[in-house]
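Everything numeric here is computed off the predicted structure, so don't read it as measured data. By convention here, the first residue in the shown sequence is residue 1. Whatever order the structure lists them in is the order used to number ligands and atoms, beginning at 1.
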Amino acid sequence: MEDTPLQPGLYVAATPIGNLGDASARLLRVLRGADAVLCEDSRVTGKLLSAFGIEARLQPYHDHNGASVRPGILDRLEAGAALALVSDAGTPLISDPGYKLVREARARGIRIHAVPGPSAPLTALSVSGAPTDRFSFHGFLPAKTAARKSALSALADRQETLLFFETAPRLASALADIAESLGSRTVAVARELTKRYEEVVEGDAADLAARFAESPTKGEIVLIIHPPAPDAAPSEADIDALLREALAGHRVKDAASMVAKRTGLPKRDLYARALALKP
Ligand code: SAM
């Protein structure tokens, strides 16, 4: 099996997210046998290959050259080449290049082979202890606070675990925006997964924001936001605060609808209370 040539097609191949021991036997066979390895950064993938003594031909494929090199890659695949697509780490296409290549290859009837393996969001979810029955992944949060709060507010009503990538320098401010936009939420900060300083720190968003503002951290991070607590019935003060916030920019009826959607409380009761609170 090891010596048989690879079948033609595009191999979408996941690589380790830190621990080289996570490179699967099949990944190594594909990297060894491919006619070329399409990679984001030749230096990064070059290090992975040399760690395993693999001499593969590397061809850069990234956001800046994708449009110009894609037609040639697709022609090669159509002519019967076996090409591997990798990213710097983890599963290609997940906040990484490759989507258009896979889509266009599929449209041309080229065989796409899955070579699954590590991916930071799923790895983080699997060790976080957050509910896994329903979850959604949203890539990186916007860097600026206004855009970030608006992205978070759009997700406030979702009864599911939310996954985001985050950078260490923005961690504390992102957590503060999570606390402000989503209220009290349990958040897990999954850091440096599979590496030496791997850790998962869990707490209330506001507490974690204070903790990381005081002691900034380093490394690669996935944020896992738990769904709103199902039995967290809001207090009267919470409801009044939500209504006041909504009334600041909306008519009474709309404010009541918004808070009803957010809390699950009857719209009629909220309308009556909003009328009483209206300045
Ligand atoms: N396609 C990759 C995957 O499937 O894992 C993700 C690519 S995305 C551009 C890179 C981000 O993933 C990092 O900025 C960080 O947020 C997260 N990440 C990657 N490796 C990680 C690790 N070992 N621990 C925690 N987060 C990680």
For the student: nearest non-hydrogen atoms of [X] and [Y], plus distance:
| X | Y | value |
| --- | --- | --- |
| L152 | L182 | O-CD2, 3.4 Å |
| D75 | R108 | OD1-NH1, 3.1 Å |
| L20 | A51 | CD1-CB, 3.6 Å |

- prompt: At what distance is the nearest protein heavy atom to atom 24 (N) of ligand 1, and which residue and atom is it?
  reply: L193 N, 2.9 Å
Taking only heavy atoms of [X], which atoms of ligand 1 are found under 4.0 Å from at least one of them?
| X | answer |
| --- | --- |
| E166 | 16 (O) |
| S95 | 9 (C) |
| S119 | 3 (C), 4 (O), 5 (O) |
| V222 | 26 (N) |
| K195 | 23 (N) |
| D96 | 1 (N), 2 (C), 6 (C), 7 (C), 9 (C) |

Short N/O distance, under 3.5 Å, between [X] and ligand 1?
| X | result |
| --- | --- |
| I221 | yes |
| S87 | no |
| E220 | yes |
| F165 | no |
| P92 | no |
| T91 | yes |
| I94 | yes |

- request: Tell me, with the steps shown, if L27 and Y11 meet side chain to side chain contact (heavy atoms under 4.5 Å, CB included).
  value: CA-CA 9 Å; L27 168 69; Y11 290 76; over 6 Å; no
Taking NZ, NE, NH1 and NH2 as the nitrogens, is one of them in [X] or [Y] under 4.0 Å from a carboxylate oxygen of the other?
| X | Y | result |
| --- | --- | --- |
| E192 | R196 | no |
| R211 | D204 | no |
| R57 | D35 | no |

Step-by-step salt bridge (Lys or Arg N to Asp or Glu O under 4.0 Å) determination, D177 to K144: CA-CA 10 Å; D177 288 347; K144 299 225 166 92; over 6 Å; no
field: Side chains of S235 and D238, donor plus acceptor under 3.5 Å
entry: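 Side chains of S235 and D238: pair found under 3.5 Å.
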task: Any chance you could lay out the side chain to side chain contact (heavy atoms under 4.5 Å, CB included) test for F52 and L31, step after step, and finish with the verdict?
output: CA-CA 10 Å; F52 291 100; L31 294 176; over 6 Å; no
query: Is ligand 1 less than 4.0 angstrom away from at least one heavy atom of T194?
result: no
message: Any heavy atom of G18 closer to ligand 1 than 4.0 angstrom?
response: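 Judged by the 4.0 Å heavy-atom criterion, G18 does not count as contacting ligand 1.
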message: Can you check which of A120, P16, A89 brings a heavy atom nearest to atom 2 (C) of ligand 1?
response: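 The residue whose heavy atom sits nearest atom 2 (C) of ligand 1 is A89.
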task: Determine yes or no for a side-chain-to-main-chain donor-acceptor pair under 3.5 angstrom, with T91 supplying the side chain and A14 the backbone.
output: no
